[in-house]
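Everything on this sheet refers to the single structure shown next.
What's counted below: heavy atoms across the whole structure, side chains too, no hydrogens, waters or symmetry copies.
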Amino acid sequence: MGTAVSGQIAQATQSYIDHDKAAAQSLVTHDQSINGNEVDLEKQALTLMTLQQPVADDFRAVVSILKASADLERIGDHATSIASETIRVKGSHRNQSVEVKIASLSQQIRDMLTTALTAFNANDATQAEKNCQTRPIS
């Protein structure tokens, strides 16, 4: 799900920069797959909690995954909003310097997302904390 959301961010940004209405529309159309992933994770988590009754560590992991999936779904919604805005402004005057900054910020966001997911998978609290520290926006 994290990889898919990162791809949505990249596609939304690229479609905005390229004024690519077709790519933006494709992203809007496929947003439901991320929403479906969140619902599937919720169902699996609830089934696990009710049937397996996980102990403290496992329960914390399940709750963390539920919270992360909700956040990832919301990030996907933001990418879809960017795509919708791309469709709305297609053909408007382009501002190259703004587009360069948007591309840079988008890459920073994707890097932070990748680092967060890697830290989660490795159970690396130190890396997760570092990732949360304020970063300069270039």
Side-chain angles (χ1 to χ4, degrees):
M1 188 173 178
T3 302
V5 168
S6 181
Q8 277 188 309
I9 295 166
Q11 183 180 352
T13 303
Q14 198 61 50
S15 67
Y16 182 82
I17 291 168
D18 294 344
H19 289 240
D20 186 344
K21 185 177 177 180
Q25 186 59 53
S26 173
L27 190 131
V28 170
T29 302
H30 291 97
D31 179 55
Q32 292 304 312
S33 66
I34 297 296
N35 297 347
N37 287 343
E38 182 190 20
V39 170
D40 290 343
L41 278 171
E42 286 175 359
K43 286 179 184 177
Q44 290 176 27
L46 291 173
T47 299
L48 180 87
M49 288 188 288
T50 56
L51 297 179
Q52 302 294 321
Q53 299 176 348
V55 293
D57 284 346
D58 294 334
F59 187 74
R60 282 191 288 272
V62 169
V63 170
S64 294
I65 290 168
L66 283 172
K67 290 176 77 66
S69 71
D71 289 340
L72 288 169
E73 191 276 332
R74 187 71 186 124
I75 294 167
D77 287 345
H78 288 304
T80 300
S81 294
I82 292 168
S84 295
E85 186 65 11
T86 298
I87 294 165
R88 189 185 73 75
V89 301
K90 182 172 181 350
S92 298
H93 174 71
R94 296 178 72 147
N95 186 329
Q96 190 69 25
S97 66
V98 170
E99 291 175 354
V100 167
K101 288 186 186 290
I102 288 171
S104 174
L105 185 58
S106 174
Q107 188 57 55
Q108 284 181 291
I109 293 165
R110 293 181 66 216
D111 290 345
M112 288 179 72
L113 178 59
T114 299
T115 301
L117 293 170
T118 301
F120 180 81
N121 285 333
N123 201 23
D124 186 344
T126 303
Q127 185 60 40
E129 274 186 41
K130 286 181 188 175
N131 198 39
C132 292
Q133 295 171 352
T134 304
R135 296 172 184 233
I137 297 175
S138 49

Should [X] and [Y] count as side-chain neighbours, where that means a heavy-atom distance under 4.5 Å?
{"X": "Gln127", "Y": "Thr118", "value": "no"}
{"X": "Asp31", "Y": "Gln8", "value": "yes"}
{"X": "Gln25", "Y": "Ile87", "value": "yes"}
{"X": "Met1", "Y": "Glu73", "value": "yes"}
{"X": "Ile9", "Y": "Leu113", "value": "yes"}
{"X": "Leu72", "Y": "Glu38", "value": "no"}
{"X": "His78", "Y": "Ile109", "value": "no"}

Next item on the list: Go through Glu42 and Leu66 one step at a time and tell me if the side chain to side chain contact (heavy atoms under 4.5 Å, CB included) criterion holds.
Entry: CA-CA 6 Å; Glu42 286 175 359; Leu66 283 172; 3.8 Å; yes
Note to self: For Asn95 and Glu99, which I'm curious about, is there any donor-acceptor pair between the side chains at under 3.5 Å?
What the structure shows: no
Report the distance from atom [atom1] of [X] to atom [atom2] of [Y], rounding to the nearest 0.5 Å.
{"X": "Gln96", "Y": "Ile17", "atom1": "CD", "atom2": "CD1", "result": "8.5 Å"}
{"X": "Ile65", "Y": "Gln44", "atom1": "CD1", "atom2": "CD", "result": "9.5 Å"}
{"X": "Gln53", "Y": "Asp58", "atom1": "CD", "atom2": "CG", "result": "12.5 Å"}
{"X": "Leu46", "Y": "Leu41", "atom1": "CG", "atom2": "CG", "result": "10.5 Å"}
{"X": "Gln133", "Y": "Met112", "atom1": "CD", "atom2": "CE", "result": "10.0 Å"}
{"X": "Leu117", "Y": "Thr3", "atom1": "CG", "atom2": "OG1", "result": "7.0 Å"}

Looking only at atom types and distance, does a side-chain atom of [X] sit under 3.5 Å from a main-chain N or O of [Y], one as donor and one as acceptor?
{"X": "Ser6", "Y": "Gly2", "value": "no"}
{"X": "Ser64", "Y": "Arg60", "value": "yes"}
{"X": "Ser26", "Y": "Ala22", "value": "no"}

Check: Under the side chain to side chain contact (heavy atoms under 4.5 Å, CB included) criterion, do Thr13 and Ile102 qualify, and how do the steps go?
Finding: CA-CA 7 Å; Thr13 303; Ile102 288 171; 4.0 Å; yes
Notebook entry, point to check: Are Ile82 and Leu105 grouped together when hydrophobic residues (ILVMFWY) are joined by side-chain heavy atoms under 4.5 angstrom apart?
Noted result: no
For the residue pair [X] and [Y], what are the closest heavy atoms and their distance?
{"X": "Ala23", "Y": "Ser15", "result": "CB-CB, 3.9 Å"}
{"X": "Ala83", "Y": "Ala12", "result": "N-CB, 4.4 Å"}
{"X": "Ser84", "Y": "Val28", "result": "OG-CG2, 3.7 Å"}

Notebook entry, point to check: Salt bridge check: are Asp77 and Arg74 linked by an N-O gap of less than 4.0 Å?
Noted result: yes
